[in-house]
**Q** 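First, the structure itself, so that you have it in front of you.
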Amino acid sequence: MYGNGLVNGLLVTLKHFVDTYVDDVRYLVKGGRYRQEHVMERQAHKAVGIYTVQYPDERLPVPENFRYIPFLVVDEATGEERCTGCGICAKVCPPQCIWIVRAKDPETGRPKTKSAEFVIDATICMNCGLCAEFCPFDSIKMDHDYELAAYDRFDALVFAKDRLNKTDTYHYQIHPSAKAIEEQSRKKKGSKDE
Amino acid sequence: MADKTATTPVAELTGETQQLVEHFGESVQPAEYEGVVIDAAKLVEAATHIRDELGYNYLSSLTAVDYLKEGYFEVVYHAYRLAEGGGPLVFKARTPRDVAKLPSLTPVWRGAELQEREAWDLMGISFEDHPDLRRILLWEGFEGHPLRKDWKEPYYEADAKPFKSRWPDGQHVRAEDRVEWHDNVQYPQGWNPETFTPETKTLLYKGLTSVPESGGNGHDAIHTDEVIVSMGPQHPSTHGVFRMVVSLQGETIVNLKPVIGYLHRNHEKIGERNTYIQNMPFTDRLDYIASMSNNFGYAITVEKLMGIAPPERAEYIRVIMAEFTRIISHLVAIGFLFNDLGAYFTPALYGLEERERILDLFEMASGSRMMCNYFRFGGVAKDVSEDFIRLARELAFERLPGIIDEFERYLNNNEIFRERTIGVGVLSTEDAIRFSTSGPLLRASNVPYDVRRAEPYSIYDRFDFDVVTRPTGDVYDRYIVRIEEVRQSVRILQQALDQIPEGEIQTGKKKYQDRVAAGQAYGRVEGPKGELGFYVVSDGSINPYRYHIRAPTFINITPLVEMCKGFKVADVVVILGSIDIVLGEVDR
């Protein structure tokens, strides 16, 4: 019959419409419509209906691999930067947004294995993660903090060390599996040196 | 370019190129690395011979390379056989840099039209007898041809990355502060914006207006005129910044010209400044709905040059990602086709709902939802976790098959949809081939051609799937092809997820700078929107000498005018939606 297709289609939308509320009621009974612990569940593949995450009151947890503007890892106990100023990140960076001044020994003038200045221009950074991937010293890592809005378009988004340096505690907190991997690779390197 | 010495290998002649050499004698010479060089005077004749006698009826890619040191431009053509599948016949034509003139191949393949305009625009090679040789990606007043090796952008710093100014003495300077206008622009001497009228702008409109003879309606007293309407670039139906200049007789389309380039950033020039690995995240930004597919095409092309192949597990991960990408792209295409039809957002929302779930998987594996940057030469960036495989299995085995059924129940028999799309925007089989269309557009016109089947790359020869075709080539058929292809993708996913082995994900050691052996390679994959090709020329350094993209949707808009003629304005919107263009890729 002409019009059957239309009616059948509308039944599908009706089902979606009802599902959304049925699911809302179910979670209301479980302790509130919007609960952080339900967020993932209601986004997963078994979810029925459509669920809106009420950002910024609620947010989706980001996975460990998530990558945003990089940061530099500093040892919290000693206060020492892991970065040696080798410049691999600056060389691999596709939009060339990393600027590094290599530290020099004040007496001899020879380059030291430290960086004097380290700048990332966040307005250029494309969050590709190549710097973190190729850093041989596990010193530059991708951050999870994606809220960068600032009042100034330019200077506030050029990050120097005061903004880039973050502790290794923070690093292991957002990358829980990193510790084991880093220790393993350090062992490997150590055995090679012997 | 490294000096071409006697050591540069000359291509061996195969059956077909041997035949060409025999037929045309002196005018056809074997080229370096691959293919043959055809004398410009004989080019059209030889191309007709290649199409009709040798059976290479499909012109896939046309691009130009600037050999600055040698002093000539080389235009490279890749032609394929649609019926038999298999590899390309590569032929080239050369022209001195100061002449820069070649005969146009549009009489042989209409699909060359936009590609030749692109070569004119970016490389400055003029094609004789081209029906409409105007700039296409850049604006009409642009000075110079940016892909020439001696052209420099206002932000020019050095010919190749990495820039020396970044390390070891890297003082941060904003590029805007280094140039006069504090922006990425430069003006020729004495140029005045007040008095400037680009000649080609008038050409655009001149090509559209036809002077009506005696009213045209049988009543000499009533005079009717054609109206020219500019649709876009800021039009909700154009999927981005696409502009169509249409000339109308009442509400019926008489002629149409696409105007593109609003999102142009000269991806290829950027690519030639970059090192090989640095291009990977840039490819994400071509077809931004399907970044994994773009990665795939670029990775296999450079792997061809490097002569490496990824390990088994990485191959499976690649296929899984590429098929998920196809599902995303098709669901979004279907959703927005309905949006164009006036169904408002419901179908699009249902498509995006599934897309979210797949993007969550991408984020889990690669760290980013859309700009995945996940493929590496000889592998992938990171291994996927067990969680990923579990969630992917749940999607592929439990959720997605039901979703496709629901889409079909929801939309296939909708009477309004059928009335609006059946018989609209028909592209005949002959036209589809002549215009070099690819992907769902080609298959809906009854050409069973899929790169995954015709010239299998990666491990696609191991999977069972059908190449979906439909007989008539109207908008409805394109919709059905997409729905069916989602089903086939789910089939491939199920097989891949069942068979994926444990093991390494990277061949050799990943390097932050790859030195790639000198050579030329054309790699192509079946992207969701059509055949995505990469043409890379290496001179043995860490930067590609030439980096060209055969963007499927760029070439798919060539037959837009043929499809639209005689239909109403509202249909144009739907026909454009059925091609499924993404401006990130069209404009590059």
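Order of the sequence lines sets the chain letters (A, B, ...), proteins ahead of strands, with each chain counted from 1.
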**Q** Is the number of heavy atoms from other residues, nucleotides or ligands under 6.0 Å of Phe17(A) CZ greater than 12?
**A**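 At most 12 heavy atoms, drawn from other residues, nucleotides or ligands, come within 6.0 Å of this atom.
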**Q** Would you mind telling me which of Ile98(A), Ile100(A), Val12(A) has the largest number of heavy-atom pairs within less than 4.5 Å of chain B?
**A**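 Top option by heavy-atom pairs under 4.5 Å: Ile100(A).
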**Q** Quick check on Glu147(A): does its CD atom have over 12 non-hydrogen neighbours (other residues, nucleotides or ligands) under 6.0 Å away?
**A**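 Correct, the count exceeds 12.
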**Q** Side chain, backbone, both or neither: which part of Leu411(B) has a non-hydrogen atom closer than 4.5 Å to chain A?
**A**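 Looking at Leu411(B), nothing touches chain A.
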**Q** Around atom CD of Gln184(A), are there more than 12 heavy atoms from other residues, nucleotides or ligands closer than 6.0 Å?
**A**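 It does not: Gln184(A) CD has 12 such atoms or fewer within range.
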**Q** Mark yes when over 12 heavy atoms from residues, nucleotides or ligands other than Lys510(B) sit less than 6.0 Å from its NZ; otherwise mark no.
**A**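 Check passes, neighbour count above 12.
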**Q** Using a cut-off of under 4.5 Å on heavy-atom pairs, state which of Val119(A), Thr123(A), Ile124(A), Leu130(A) scores highest against chain B.
**A**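 Option with the top pair count is Leu130(A).
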**Q** Please state whether the side chain, the backbone, both or neither of Arg357(B) comes within less than 4.5 Å of a heavy atom of chain A.
**A**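 Contact with chain A: side chain only.
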**Q** Please look at Asn414(B) and chain A and tell me whether the side chain, the backbone, both or neither of the residue comes under 4.5 angstrom of a heavy atom of that chain.
**A**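 Both the backbone and the side chain of Asn414(B) come within 4.5 Å of chain A.
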**Q** Side chains of Arg166(B) and Lys91(A): does their closest heavy-atom pair fall under 4.5 Å?
**A**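 No - every pair of side-chain heavy atoms lies 4.5 Å or more apart.
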**Q** In terms of heavy-atom pairs under 4.5 Å with chain A, which of His172(B), Met364(B), Arg399(B) leads?
**A**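 Option with the top pair count is His172(B).
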**Q** Do you know which two heavy atoms are closest between Asn373(B) and Arg67(A), and how far apart they sit?
**A**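 So the minimum-distance heavy-atom pair works out to CB-NH2, 3.8 Å.
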**Q** Measure Glu408(B) against the heavy atoms of chain A and call it side chain, backbone, both or neither at under 4.5 Å.
**A**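 Neither part.
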**Q** Below 4.5 Å, heavy-atom pairs only: which of Ser385(B), Ser368(B), Pro162(B), Ala365(B) has the largest tally toward chain A?
**A**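 Maximum pair count with chain A is reached by Pro162(B).
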**Q** At a heavy-atom distance under 4.5 Å, which candidate from Gln513(B), Arg174(B), Lys511(B) has the highest pair count against chain A?
**A**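 Sorted descending by pairs with chain A, the first entry is Arg174(B).
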**Q** So which heavy atom on Tyr512(B) is nearest to which on Val92(A), and how close?
**A**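 Taking every non-hydrogen atom into account, O-CG2, 3.7 Å.
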**Q** With chain A as the partner, which of Ser366(B), Ser165(B), Ala175(B) has the greatest number of non-hydrogen pairs under 4.5 Å?
**A**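 It is Ser366(B).
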**Q** Quick one: what part of Glu363(B) sits under 4.5 Å from any heavy atom of chain A, side chain, backbone, both or neither?
**A**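 Interface part for Glu363(B): both.
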**Q** Does CD in Glu504(B) sit with more than 12 non-hydrogen atoms of other residues, nucleotides or ligands closer than 6.0 Å?
**A**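 Atom CD in Glu504(B) is not packed in, count stays at 12 or less.
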**Q** Side chains of Cys128(A) and Met371(B): does their closest heavy-atom pair fall under 4.5 Å?
**A**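 Cys128(A) vs Met371(B): side chains apart.
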**Q** Could you measure the distance from the CG atom of Leu6(A) to the CD1 atom of Ile416(B)? Nearest 0.5 Å is fine.
**A**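 It is 4.5 Å, given to the nearest 0.5 Å.
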**Q** To the closest 0.5 Å, what do you measure between CG (Leu10(A)) and OH (Tyr410(B))?
**A**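 Nearest 0.5 Å value for the CG-OH distance: 7.5 Å.
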**Q** I need the residue from Asp121(A), Val101(A), Asn127(A) with the largest number of non-hydrogen atom pairs under 4.5 Å to chain B.
**A**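 Most pairs with chain B among the choices: Val101(A).
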**Q** Quick check on Arg418(B) against chain A: is it the side chain, the backbone, both or neither that has a heavy atom closer than 4.5 Å?
**A**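 Neither part; nothing is under 4.5 Å.
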**Q** Determine yes or no for a side-chain-to-main-chain donor-acceptor pair under 3.5 angstrom, with Gln278(B) supplying the side chain and Cys93(A) the backbone.
**A**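 Present.
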**Q** Which label fits Tyr350(B) and His16(A): parallel for a plane angle under 30°, tilted from 30 to 60°, or perpendicular past 60°?
**A**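 Tyr350(B) and His16(A): parallel rings.
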**Q** Does any backbone or side-chain atom of Val7(A) lie under 4.5 Å from a heavy atom of chain B? Answer side chain, backbone, both or neither.
**A**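 Contact with chain B involves no heavy atom of Val7(A) at all.
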**Q** If you compare all heavy atoms of Trp99(A) against all heavy atoms of Gly170(B), which two are closest, and at what distance to 0.1 Å?
**A**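 It is CB-O, 3.4 Å.
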**Q** Any non-hydrogen side-chain atom of Lys382(B) less than 4.5 Å from a side-chain atom of Asn65(A)?
**A**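 They are in side-chain contact.
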**Q** For Phe118(A), which atoms come within 4.5 Å of any heavy atom of chain B: side chain, backbone, both, or neither?
**A**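 When you check distances to chain B, no heavy atom of Phe118(A) falls under 4.5 Å.
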**Q** Give the minimum heavy-atom separation between Phe282(B) and Pro94(A), together with the two atoms involved.
**A**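 Phe282(B) and Pro94(A) have their closest heavy atoms at CE1-CB, 3.7 Å.
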**Q** In this structure, are over 12 heavy atoms from other groups packed under 6.0 Å from Tyr21(A) atom OH?
**A**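 Incorrect, the count does not exceed 12.
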**Q** Heavy atoms only: give me the nearest Cys86(A)-Trp167(B) pair and the separation to one decimal.
**A**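 Minimum heavy-atom contact is O-CZ2, 3.1 Å.
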**Q** Is the count of non-hydrogen atoms from other residues, nucleotides or ligands lying under 6.0 Å from Lys152(B) atom NZ greater than 12?
**A**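 Counting other residues, nucleotides and ligands, NZ of Lys152(B) exceeds 12 neighbours.
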**Q** Closest approach of Gln96(A) and Phe163(B), non-hydrogen atoms and distance?
**A**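 Looking at all heavy atoms of both residues, the shortest contact is OE1-N, 2.9 Å.
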**Q** Name the region of Glu398(B), side chain, backbone, both or neither, that has any atom closer than 4.5 Å to a heavy atom of chain A.
**A**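 Glu398(B) touches chain A through side-chain heavy atoms alone.
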**Q** Between Gly87(A), Gly5(A), Ser115(A), which shows the greatest number of heavy-atom pairs under 4.5 Å with chain B?
**A**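 Result: the option with the highest number of such pairs is Gly5(A).
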**Q** In terms of heavy-atom proximity below 4.5 Å to chain B, should Phe134(A) be classed as side chain, backbone, both, or neither?
**A**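 Just its side chain gets close to chain B.
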**Q** Checking heavy atoms, do the side chain of Leu400(B), its backbone, both or neither come under 4.5 Å from chain A?
**A**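 No part of Leu400(B) comes within 4.5 Å of chain A.
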**Q** Taking every heavy-atom pair that is under 4.5 Å apart, which of Glu133(A), Glu117(A), Arg102(A) has the most such pairs with chain B?
**A**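 Answer, by heavy-atom pair count under 4.5 Å with chain B: Glu133(A).
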